Amino acid sequence: MHLAVVEDHIEDVMKIKQELSKYANVTYETFEHIQPFLECCLSFDAIFLDIDMKEESGIVLAQQIRKKDKIIPIIFVSYHNEYINDCFTVHPFYFIRKDKLAVELKLCMDDLIPLLKNNQAIFNYTKNGKHLSMSAKEILYFTKLHNTCEIKLKDQSLLKVHITLKQIEEQGLFGFYKINNSVIVNFAHIVMLQQDASFLMDDGTSIEISRRKKENVSNAYQEYLRCLSYR
């Protein structure tokens, strides 16, 4: 797990580093200035972000991050509790009060670690007799095509493999859900739930939700969003 800490108060950086150092398999980079962070912000699994920085408001910076990545967990760290309501527009994962840093950072990590393990899920498949795998987060959706399955990837490419939707479901990939008889979508790549009971995906495709599955799909999507939402 690789984290970013964007904080321009050196004493607070040291306190956060001290708490993060208690976790095995957690690495982090610290950034005092915003531009170097923005140049590599998509390379992290989660971001700890101070709100009250000299160069830029942490909330404004979070808005820039959200334009690039809608789901990366953003954890605000601040002495200013009055900013909590202002944070909702960027869907933070957590708000840690600096005067309760040790306690609240632990609570945050208790939720963050299992979430990131799910987000780092691997999709396994066979092609041309070879056992292959890929990061599940690269997949937008699976579509059943006769005896094969077509996979739409984040880079807009298509991959066809011999696998059934049932076999995909059995892999238990976090955030993936079968919304009709032919399609499994990755909730992470949904732009919005449209009024005509379809999902608008990142690639501009609208995928219809089966009428009989509508309630279950809606509940599953809301539960997924709750897993990512503000604590």
Side-chain angles (χ1 to χ4, degrees), residues 1-122 135-138 173-175 187-188 223-231:
M1 182 191 307
H2 192 45
L3 311 176
V5 177
V6 187
E7 170 66 74
D8 60 1
H9 297 89
I10 301 302
E11 290 184 3
D12 293 331
V13 171
M14 298 305 296
K15 292 176 183 177
I16 294 171
K17 289 172 65 174
Q18 181 179 354
E19 295 304 319
L20 292 178
S21 67
K22 298 176 182 178
Y23 295 89
N25 301 318
V26 171
T27 59
Y28 52 83
E29 294 181 44
T30 61
F31 297 88
E32 182 180 353
H33 299 288
I34 289 173
Q35 191 55 44
F37 164 71
L38 284 175
E39 292 173 359
C40 62
C41 65
L42 298 184
S43 63
F44 299 98
D45 297 310
I47 300 166
F48 286 80
L49 183 57
D50 183 22
I51 291 181
D52 188 24
M53 294 187 291
K54 298 183 181 69
E55 292 182 5
E56 185 79 271
S57 159
I59 296 174
V60 173
L61 179 55
Q63 291 170 347
Q64 297 179 58
I65 296 167
R66 282 286 174 254
K67 291 179 181 178
K68 299 181 179 182
D69 191 315
K70 299 193 304 296
I71 65 170
I72 187 170
I74 295 174
I75 300 99
F76 284 118
V77 187
S78 181
Y79 285 114
H80 300 281
N81 297 346
E82 66 271 20
Y83 290 142
I84 290 178
N85 290 336
D86 297 334
C87 296
F88 283 112
T89 57
V90 293
H91 308 292
F93 180 76
Y94 231 98
F95 189 102
I96 295 174
R97 294 169 292 182
K98 287 185 177 179
D99 57 348
K100 298 183 183 298
L101 181 70
V103 172
E104 295 187 354
L105 190 144
K106 181 182 184 304
L107 292 173
C108 173
M109 294 298 286
D110 287 346
D111 285 343
L112 182 63
I113 290 171
L115 174 67
L116 291 181
K117 285 182 178 178
N118 283 327
N119 288 349
Q120 293 166 355
I122 298 297
S135 171
K137 66 182 181 182
E138 299 300 317
L173 301 173
F174 175 72
F187 285 153
E223 180 59 29
Y224 169 80
L225 293 178
R226 278 193 289 271
C227 288
L228 303 180
S229 66
Y230 177 81
R231 301 296 198 276

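This one's a predicted model, so the numbers in the text were calculated from it and none came from an experiment.
We find the CG-NE2 distance between Asp86 and His80 to be 12.0 Å, quoted to the nearest 0.5 Å. Taken from CD1 in Ile75 to CG in Leu112, the straight-line distance is 5.0 Å, to the nearest 0.5 Å. Separating the CD1 atom in Ile51 from the CE atom in Met53 is a distance of 9.5 Å, to the nearest 0.5 Å. Separation of atoms CG (Leu61) and CZ (Phe37) is listed at 5.5 Å; rounding is to 0.5 Å. Remark: His9 NE2 to Asp50 CG distance equals 6.0 Å, nearest 0.5 Å. To the nearest 0.5 Å, the span separating NZ on Lys54 from CG on Asp8 amounts to 4.5 Å.
Ile96 and Cys108 get closest at one heavy-atom pair: CD1-CB, 4.0 Å. Among all heavy-atom pairs drawn from Gln18 and Ser21, the shortest one is O-OG, 2.6 Å. Contact record, Ile72 with Asp69: N-OD1, 2.9 Å, taken as the closest heavy-atom pair. Residues Ile122 and Ser135 share a closest heavy-atom pair of CD1-CA, 4.0 Å. Shown here for Pro92 and Cys87, the closest heavy-atom pair between the two residues is CD-O, 3.1 Å. Shown here for Pro73 and Leu115, the closest heavy-atom pair between the two residues is CG-CD2, 4.2 Å.
Looking at residues two or more places apart in sequence or on another chain, you find a side-chain contact (heavy atoms from CB on, under 4.5 Å) between Val60 and Glu56, Ser57, Gln63, Gln64. With sequence neighbours excluded, no residue satisfies salt bridge (Lys or Arg N to Asp or Glu O under 4.0 Å) with Lys17. In this structure Glu138 satisfies the salt bridge (Lys or Arg N to Asp or Glu O under 4.0 Å) test together with Lys154, sequence neighbours excluded. Annotation: side-chain hydrogen bond (donor to acceptor under 3.5 Å, both in side chains) contacts of Asp99 (sequence neighbours excluded): none. Scored by the side-chain hydrogen bond (donor to acceptor under 3.5 Å, both in side chains) test, Glu55 finds His33 as partners (sequence neighbours excluded). Remark: Glu11 engages no residue in a side-chain hydrogen bond (donor to acceptor under 3.5 Å, both in side chains) (not counting sequence neighbours). A search for side-chain hydrogen bond (donor to acceptor under 3.5 Å, both in side chains) contacts involving Asp12 returns Tyr79, Lys98, not counting sequence neighbours. Applying the salt bridge (Lys or Arg N to Asp or Glu O under 4.0 Å) criterion to Arg66, with sequence neighbours excluded, gives no partner residue. Residues passing the side-chain contact (heavy atoms from CB on, under 4.5 Å) test with Ala136, sequence neighbours excluded: Ala121, Leu173, Phe176. Here Phe44 pairs with His2, Phe31 under the ring pair (Phe, Tyr, Trp, His ring centres under 6.0 Å) rule; sequence neighbours left out. Under the rule for a side-chain contact (heavy atoms from CB on, under 4.5 Å), the partners of Lys100 that lie at least two apart in sequence or sit in another chain are Arg97, Glu104.
Considering only heavy atoms from C-beta on, Phe48 stays 4.5 Å or farther from Val6 through its side chain.
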task = Apply side-chain contact (heavy atoms from CB on, under 4.5 Å) to Phe187 and Ile71, showing your working.
result = CA-CA 10 Å; Phe187 285 153; Ile71 65 170; over 6 Å; no
query = side-chain contact (heavy atoms from CB on, under 4.5 Å) between Tyr23 and Ile113: does it pass, once the steps are laid out?
reply = CA-CA 10 Å; Tyr23 295 89; Ile113 290 171; 3.8 Å; yes
message = Using the rule given for side-chain contact (heavy atoms from CB on, under 4.5 Å), can you reason through Leu20 versus Leu105, listing the C-alpha separation, both sets of side-chain angles and the distance that settles it, and then say yes or no?
response = CA-CA 8 Å; Leu20 292 178; Leu105 190 144; 4.1 Å; yes
task = Would you sort out whether Tyr94 and Ile74 count as a side-chain contact (heavy atoms from CB on, under 4.5 Å), showing the intermediate values?
result = CA-CA 7 Å; Tyr94 231 98; Ile74 295 174; over 6 Å; no
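Heavy atoms from other residues, nucleotides or ligands lying under 6.0 Å from CG of Asp110 number more than 12.
A donor-acceptor pair is defined here as one N or O able to donate and one able to accept, closer than 3.5 Å; such a pair exists between the side chain of Lys68 and the backbone of Leu38.
Pairs passing the salt bridge (charged side-chain N to carboxylate O under 4.0 Å, His left out) check and including a residue from residues 22-47, sequence neighbours excluded, read Glu19-Lys22.
Ring to ring, Phe76 and Phe93 are not that close: their centroids are 6.0 angstrom or more apart.
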